[in-house]
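Taking it in order: structure first as structure tokens, then the write-up.
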Amino acid sequence: MSFTVCALSSPALFALIDCNNFFVSCERVFNPSLTNKPVIVLSGNDGCAIARSNQAKDLGVAMGAPLHTFSHLINPHDIRIFSSNFELYGDLSNRMINILQTFTPDVEVYSIDEAFIDLSPLPCFDYAAFAQKIHNTLLKHIGIPVTIGIAPTKTLAKMANRVAKKIGSPFTLLQSAPDIENALRQTAVSDIWGIGRALAPKLKKIGLYTAYDLARKDPRWARSVMGVTGERLVREIQGIACIPFNAVEDDQKSIQVTRSFGVRLTEFNDIAEAISGHATRLGESLRKKKLVTPTISVFCRTSPFGNAPYYKGIGVTGFDTLTQDTQTLIRGAIKALQHAFRPGHAYQSAGIYAMDLVKEGRVAQKSLFDIDLHQKSSGCTPSNAKRGAAVNKAIDEINQRIGKDTLFWASSGIYPRHVAKQNRRSSRYTTRWDEIKLII
DNA sequence: TCTGGGGTCCTAGGACCC
DNA sequence: TCTGGGGTCCTAGGACCC
């Protein structure tokens with residue numbers, strides 16, 4: 001296969017809108033007393049820091065730091081700690097995107113707290129004023145501060161964003177050659193978008209310390225040392241746009257549901273309850289996204305930390321027809337878990353993956369004998385399958401209206417032991433009637 | 001005591017085919 | 001005993017991202 005650099009028709013110009021300390025900012029929207037305070041949002045199971053306010057960063061709390069490594073700082077510095085509240089963050093994220101789309105239809109949602117805008121179709125104008133307007137509108141309507149970087153490639157827009165955050169400005173434009181060179185000189189190779197833990201030390205060893213050093217290399221050299229992604233990256237920081245803009249979201253290729261347990265588990269049945277719950281979430285997600293899966297894989301594993309030897313077991317179940325039916329997924333997941341599980345371990349987490357997802361409407365028949373096979377393996381006739389779809393629909397609608405898990409499958413456990421710690425979650429102000437903010 | 005969860009893309013190597 | 005060359009497809013694992 002030959003690689004052709006897909007330089008976009010120039011002059012390209014991208015804006016990257018990135019929320020500042022997004023999860024912390026979401027907490028602050030409904031709790032103004034957190035302003036100017038050190039605030040930290042924890043990962044699932046209250047394990048480690050996944051968002052920090054600037055004040056918490058100044059105290060030296062690193063991204064991903066386990067709670068127990070900074071717990072001694074909490075009281076002396078009055079750090080406010082929150083469990084993650086993804087229902088709230090996701091909802092505020094959607095509102096932000098809706099507002100961005102009022103500025104231009106060319107919005108690419110990159111993550112929960114970032115979006116690219118393609119500026120090239122817009123007439124050349126005052127980018128500073130444009131960025132300021134986006135910033136002010138989001139702050140006013142949602143209450144979330146953002147930083148905006150504008151540059152001829154996505155990688156440089158990322159870099160512009162970093163520069164803006166560093167100097168405390170809501171916006172930075174990198175367009176002229178001297179401005180770009182200046183930013184490249186200020187940026188360490190490890191801070192370039194696309195350079196991670198493995199590549200950074202490798203490049204430093206060769207004597208490349210800044211983005212400027214790397215930008216002076218021949219892309220063909222980058223290809224041989226860093227692969228196609230490396231070649232693309234070098235061209236990007238040289239100002240040649242190679243990473244395309246996708247306003248339309250591609251179909252998702254995989255879904256996973258993974259959780260750590262609140263306590264270590266040793267019994268098959270306890271883990272089966274967790275996996276049954278994960279399979280339920282997977283089913284909901286597949287139906288919501290109108291996807292079906294031919295297969296699932298399930299894993300259970302011990303903690304990679306600590307003294308006990310690490311164990312991870314994996315089991316796979318294939319289905320005779322592509323499915324999104326919760327009951328089918330649960331049956332398949334328990335079967336797969338029987339392959340993954342070995343007695344004698346203290347398990348720390350378990351998860352379920354669905355890969356090779358297919359869009360609901362585009363279901364290809366797997367074999368001429370689909371229906372026969374299906375009847376044989378699951379006892380599920382086509383009319384049963386229809387009934388299953390109706391059951392899923394009814395459960396989804398009830399849970400949507402009244403609350404998550406109002407109806408649930410008994411295999412997920414009435415009093416499950418696996419439930420993760422979530423001791424400090426704020427209210428889901430925007431998505432639950434009974435958690436709406438009261439002003440008395 | 002205590003270490004998240006959810007994605008994508010690329011590559012190397014094996015299986016298999018002619 | 002000798003034992004090619006080229007292609008495709010699949011998979012596991014690595015690397016990256018937020």
Side-chain angles (χ1 to χ4, degrees), chain A residues 1 3 16-23 40-51 61-72 74 81-86 89-90 93 108-116 154-155 158 161-162 189-203 223-233 242-244 246 249-264 278 281-282 285 289 291 294-295 297 299 301-307 310 312 314 316 346 348-357 420-423:
Chain A
M1 190 185 75
F3 173 74
L16 173 68
I17 293 95
D18 188 315
C19 301
N20 302 350
N21 312 327
F22 181 54
F23 301 161
I40 292 172
V41 175
L42 300 172
S43 62
N45 217 24
D46 290 351
C48 46
I50 54 168
V61 178
M63 183 65 171
L67 174 57
H68 67 93
T69 62
F70 60 86
S71 50
H72 62 284
I74 295 175
I81 304 279
F82 291 88
S83 304
S84 41
N85 185 351
F86 279 99
Y89 311 152
S93 174
E108 177 188 337
V109 180
Y110 179 68
S111 75
I112 193 166
D113 71 332
E114 279 173 69
F116 286 101
K154 283 182 166 182
T155 309
K158 272 277 197 187
N161 201 289
R162 252 191 119 262
V189 277
S190 54
D191 291 330
I192 304 171
W193 189 43
I195 305 282
R197 266 214 299 253
L199 275 176
K202 193 172 164 185
L203 294 176
R223 170 93 197 236
S224 67
V225 177
M226 305 156 70
V228 281
T229 43
E231 176 175 0
R232 206 151 45 203
L233 186 148
C242 298
I243 303 174
N246 305 313
E249 266 181 78
D250 291 340
D251 288 342
Q252 199 169 331
K253 297 179 177 69
S254 69
I255 295 177
Q256 46 176 296
V257 182
T258 306
R259 295 283 181 280
S260 299
F261 308 134
V263 293
R264 300 285 188 262
H278 298 354
R281 296 282 95 82
L282 174 63
S285 187
K289 294 169 177 172
L291 295 167
T295 169
S297 67
F299 78 85
R301 57 159 220 191
T302 63
S303 170
F305 308 98
N307 299 325
Y310 179 66
K312 180 178 183 180
I314 298 175
V316 179
Q348 180 257 347
S349 71
I352 179 168
Y353 292 77
M355 281 162 286
D356 306 316
L357 302 180
K421 279 175 284 187
Q422 269 274 359
N423 297 327

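Here is the naming used below: chain letters follow the sequence lines, and residue numbers restart at 1 for every chain.
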Counting only side-chain nitrogens and oxygens, does [X] get under 4.0 Å of the OP1 or OP2 atom of [N]?
| X | N | answer |
| --- | --- | --- |
| A:Gln252 | B:dG7 | yes |
| A:Ser260 | B:dG5 | yes |
| A:Lys158 | C:dC17 | no |
| A:Ser254 | B:dG7 | no |
| A:Arg197 | C:dC17 | no |

Residue [X], side-chain atoms from C-beta onward, closest of [options]:
| X | options | result |
| --- | --- | --- |
| A:Thr229 | B:dG6, C:dC16, B:dC10 | B:dC10 |
| A:Leu199 | B:dG7, C:dC16, B:dG5 | C:dC16 |
| A:Val228 | C:dC16, B:dC10, B:dG4 | B:dC10 |
| A:Asn45 | B:dT3, B:dC10, C:dC18 | B:dT3 |
| A:His68 | C:dC17, B:dT3, C:dC16 | B:dT3 |
| A:Arg264 | B:dC9, B:dT3, B:dG5 | B:dT3 |

Taking any heavy-atom pair under 4.0 Å as a contact, classify [X]: base, sugar-phosphate, or nothing.
| X | result |
| --- | --- |
| A:Tyr110 | sugar-phosphate |
| A:Leu42 | nothing |
| A:Arg281 | nothing |
| A:Asp46 | nothing |
| A:Leu233 | nothing |
| A:Lys202 | nothing |
| A:Ile112 | nothing |

Mark yes or no for whether [X], through its side chain, and [Y], through its backbone, hold a donor-acceptor pair below 3.5 Å.
| X | Y | value |
| --- | --- | --- |
| A:Asp18 | A:Asn161 | no |
| A:Asp113 | A:Phe22 | no |
| A:Lys202 | A:Val225 | yes |
| A:Ser84 | A:Leu42 | yes |
| A:Ser93 | A:Ile112 | yes |

Round to the nearest Å and state the distance from [X] atom [atom1] to [N] atom [atom2].
| X | N | atom1 | atom2 | value |
| --- | --- | --- | --- | --- |
| A:Ile243 | B:dC9 | CD1 | P | 12 Å |
| A:Lys154 | C:dC16 | NZ | C1' | 15 Å |
| A:Phe86 | B:dG6 | CZ | C1' | 9 Å |
| A:Leu357 | B:dG7 | CG | P | 9 Å |
| A:Asp191 | C:dC16 | CG | C1' | 15 Å |
| A:Lys312 | C:dA12 | NZ | P | 12 Å |
| A:Arg232 | C:dC17 | CZ | P | 14 Å |
| A:Lys289 | B:dG6 | NZ | P | 10 Å |

Checklist entry - Looking only at heavy atoms, which two atoms of A:Ser349 and A:Phe299 are closest? And how far apart? => result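 Where A:Ser349 meets A:Phe299 most closely, the heavy atoms are OG-CE1, 4.0 Å.
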
Item to check | Strand partner of B:dC18, provided both Watson-Crick or wobble distances fall under 3.5 Å | outcome: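 Pair assignment: B:dC18 / C:dG5.
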
Checklist entry - Can A:Lys154 and A:Glu108 be counted as an ion pair, charged N to O under 4.0 angstrom? => result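 Counted as a salt bridge, because a side-chain N and a carboxylate O are separated by less than 4.0 Å.
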
Checklist entry - For DNA chain B, whose closest nucleotide is more 5', that of A:Phe305 or that of A:Arg259? => result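 Looking at DNA chain B, the more 5' nearest nucleotide goes with A:Phe305.
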
